[in-house]
Number of protein chains: 2
Amino acid sequence: MAPVEGLHAARSRGRNTRQLVHEALRSRIVSLELEPGTAISENDLAAELGVSRTPVRESLILLADEGLVDIYPQMGTFVSRIRERDVASAQFIREALERAALRDAVGRTTERDIADLKALLAAQEEADRRTDREGFFRLDEEFHARLMAVSGHGSAWPVVSQAKAQLDRARRLSLPLTAQMTRLVGQHREIVELLEAGDLDRADEALCSHLRLVFSDVEKIRARHPELFSDQDAPVRPRRETARRGGSRRET
Amino acid sequence: MAPVEGLHAARSRGRNTRQLVHEALRSRIVSLELEPGTAISENDLAAELGVSRTPVRESLILLADEGLVDIYPQMGTFVSRIRERDVASAQFIREALERAALRDAVGRTTERDIADLKALLAAQEEADRRTDREGFFRLDEEFHARLMAVSGHGSAWPVVSQAKAQLDRARRLSLPLTAQMTRLVGQHREIVELLEAGDLDRADEALCSHLRLVFSDVEKIRARHPELFSDQDAPVRPRRETARRGGSRRET
DNA sequence: GCCGCCATACTTGTATGGTAGTCGACCAGT
DNA sequence: ACTGGTCGACTACCATACAAGTATGGCGGC
């Protein structure tokens with residue numbers, strides 16, 4: 001794991017260590033850099049990041065609240081596996097909130113809003129062309145956030161974002177599917193055009209099928225990467241890795 | 001503040017100190033026992049609860065994440081004032097999720113579900129008769145949770161519950177309004193009957209107007225208790241209480 | 001060889017110490 | 001009387017130490 005250069009330097013910019021660690025860890029989990037099932041030791045992580053256990057621990061508590069890690073007292077903390085139940089729940093939440101926002105957005109959008117959204121579309125097409133998955137993800141996030149913002153319900157985005165985190169780990173695996181990015185950006189464009197035209201019903205329908213595209217692929221993804229999923233609804237007790245004895249874990 | 005009897009005894013029942021402190025504080029904030037604007041000191045609270053600062057601090061971080069307290073580094077932690085923006089956001093979230101769930105519930109409800117809901121209605125009427133506001137609140141919470149559960153989206157309830165926390169502080173103040181509890185339970189009954197009849201559109205309409213009843217009263221409530229609200233969208237820096245010099249704060 | 005016990009090295013939970021920063025009251029100088 | 005500077009008390013943040021509990025590897029008895 002990278003030693004997080006400049007962590008202490010960034011602290012001067014208003015955010016404290018806890019928030020920095022939280023963001024860094026969250027990013028690594030959602031991006032699958034830390035795979036579901038991976039053990040996270042407060043001690044090791046603190047040593048790797050060059051901070052004490054306290055901010056690391058506090059970050060993990062927040063991540064546990066988001067459902068991204070499972071903490072088993074006196075046993076260990078593990079990146080949560082993708083749970084069928086959580087994915088379904090996140091899908092429901094996201095769908096309900098984004099669709100409700102869109103319904104309020106129609107008729108309230110300014111030309112400026114449309115222009116902004118179209119600029120994002122262009123950037124997405126560019127990312128697709130370059131097969132830049134990381135960039136595409138960032139732009140996708142921004143697109144949906146902006147879409148909610150134009151309805152005046154932008155302050156509800158963090159809730160969607162948190163639910164989305166559960167989905168994004170699966171989404172990350174679905175992007176290599178054939179022409180997935182192209183399909184997604186096409187749907188984005190359709191939504192914007194219908195929104196611009198003020199066609200509420202069809203815009204809603206387009207958004208709904210867009211949101212369900214990845215969800216419908218989850219089972220395929222699960223077949224490809226079963227080890228990242230959990231069969232149980234309740235978190236399952238993972239086994240600790242054995243025989244670390246030989247190698248040193250720290251690269252210091 | 002009460003010394004939280006039996007806190008350590010409860011620890012043996014699986015939950016750790018952090019969770020207990022978290023729940024206790026949350027309850028006190030939502031019930032307005034701790035009024036918006038009240039300063040919360042890690043040191044004092046830990047001493048009062050008879051635990052160390054660590055679990056208290058971790059609880060406060062979680063509460064800050066929920067928007068129930070505002071933490072100003074090196075200045076203090078304060079029960080957040082009710083913000084117009086947060087209330088509107090919570091209302092949007094709750095409305096979108098509960099209505100979406102209800103739409104999925106129609107046609108899927110069993111007789112058992114209807115019977116359970118009706119039992120809750122009876123209990124609510126009883127609480128109304130006795131003017132038992134605390135009991136009514138508990139039953140209201142349980143009713144809406146159950147309503148979401150019958151749709152199969154019960155796992156999304158925690159999100160609603162968290163949004164509701166922002167609303168509940170205002171709701172708490174609205175209950176003394178004339179016949180408020182009677183009106184609410186009447187609407188509950190209407191929803192259940194329309195759900196039982198399978199009338200999707202009217203059930204949705206009834207739920208929507210039910211959810212908006214309190215929201216529409218927020219401005220009245222604000223006029224009565226302006227000190228509990230914040231004019232700013234962003235959290236405002238509260239002033240520390242002055243001239244404590246004379247008396248000792250601890251009753252030990 | 002197989003099973004059960006035990007020591008040990010880990011884990012998270014909790015308690016406490018030390019630091020930097022902010023506020024508010026007090027006091028000197030105008 | 002009023003303003004500016006200083007000082008003290010308080011804050012949350014971070015680091016560290018201790019405690020309680022668990023899983024695992026090895027050993028002894030069978």
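Chain identifiers are assigned alphabetically (A, B, ...) following the order of the sequence lines, protein sequences preceding nucleic acid strands; residue numbering begins at 1 within each chain. On a predicted model such as this, the values are computed, not experimentally measured, just so you know.
Contact annotation: B/Ser52 side-chain N/O to C/dA15 OP1/OP2 distance is under 4.0 Å. At least one side-chain nitrogen or oxygen of B/Thr77 sits closer than 4.0 Å to the OP1 or OP2 atom of D/dA12. For C/dA15, the OP1/OP2 oxygens have no side-chain nitrogen or oxygen of B/Thr54 closer than 4.0 Å.
Following rounding to the nearest Å, B/Leu45 (CG) and D/dC10 (P) show an atom-to-atom distance of 17 Å. The distance between atom CG of B/Asn43 and atom P of C/dG18, rounded to the nearest whole Å, is 15 Å. Protein atom CG of A/Asp44 is 10 Å distant from nucleotide atom C1' of C/dC10, rounded to whole Å. Going from atom CD of B/Gln19 over to atom C1' of C/dG13 covers 11 Å, rounded to whole Å. At whole-Å resolution of the value, CD in B/Glu42 and P in D/dC13 are 7 Å apart. In this structure, A/Ile71 atom CD1 and C/dC10 atom C1' are separated by 17 Å, rounded to whole Å. One can place CZ of B/Arg57 at 14 Å from P of D/dT11, the figure rounded to the nearest angstrom. Residue B/Leu20 contributes atom CG, which lies 9 Å from atom P of C/dT14 at whole-angstrom precision.
A/Arg94 contributes atom CZ, which lies 14.0 Å from atom CD of A/Gln162 (distance to the nearest 0.5 angstrom).
Picking from C/dG13, C/dA15, D/dC13 the nucleotide with the shortest atom distance to the side chain of B/Asn16 gives C/dG13. Taking the side chain of B/Arg18 as heavy atoms from C-beta on, and the options C/dC23, D/dT22, C/dT14, the nearest nucleotide is C/dT14. The side chain of A/Met75 approaches D/dT22 more closely than any other nucleotide in the set D/dA15, D/dT22, C/dG13.
Between B/Glu58 and B/His22 there is no side-chain heavy-atom pair separated by less than 4.5 Å. By the 4.5 Å heavy-atom criterion applied to side chains, A/Arg222 and A/His225 are not counted as neighbours.
With respect to B/Glu227 and B/Arg81, no salt bridge is recorded, no charged nitrogen being found less than 4.0 Å from a carboxylate O.
Every residue two or more places apart in sequence or in another chain that forms a side-chain hydrogen bond (donor to acceptor under 3.5 Å, both in side chains) with A/Asp113 is listed here: A/Thr110.
Legend: ring pair (Phe, Tyr, Trp, His ring centres under 6.0 Å) pairs involving residues 146-167 of chain B, not counting sequence neighbours, sorted by first then second residue: A/Phe92-B/His153.
Heavy-atom nearest nucleotides on DNA chain C were determined for B/Arg53 and for B/Glu58, and the one closer to the 5' end corresponds to B/Glu58.
Residue-to-nucleotide contacts include a donor-acceptor pair under 3.5 Å from the side chain of A/Gln74 to the base of C/dT12.
The cationic group of B/Arg172 lies under 6.0 Å from the six-membered ring centre of B/Phe137 and within 45° of the ring axis, placing it in a cation-pi geometry.
B/Ile40 comes within 4.0 angstrom of the backbone, heavy atoms only, and of no base.
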Could you list, one pair per line, each protein nitrogen or oxygen that sits under 3.5 Å from a nitrogen or oxygen of nucleotides 5-7 of chain D, together with the distance?
none

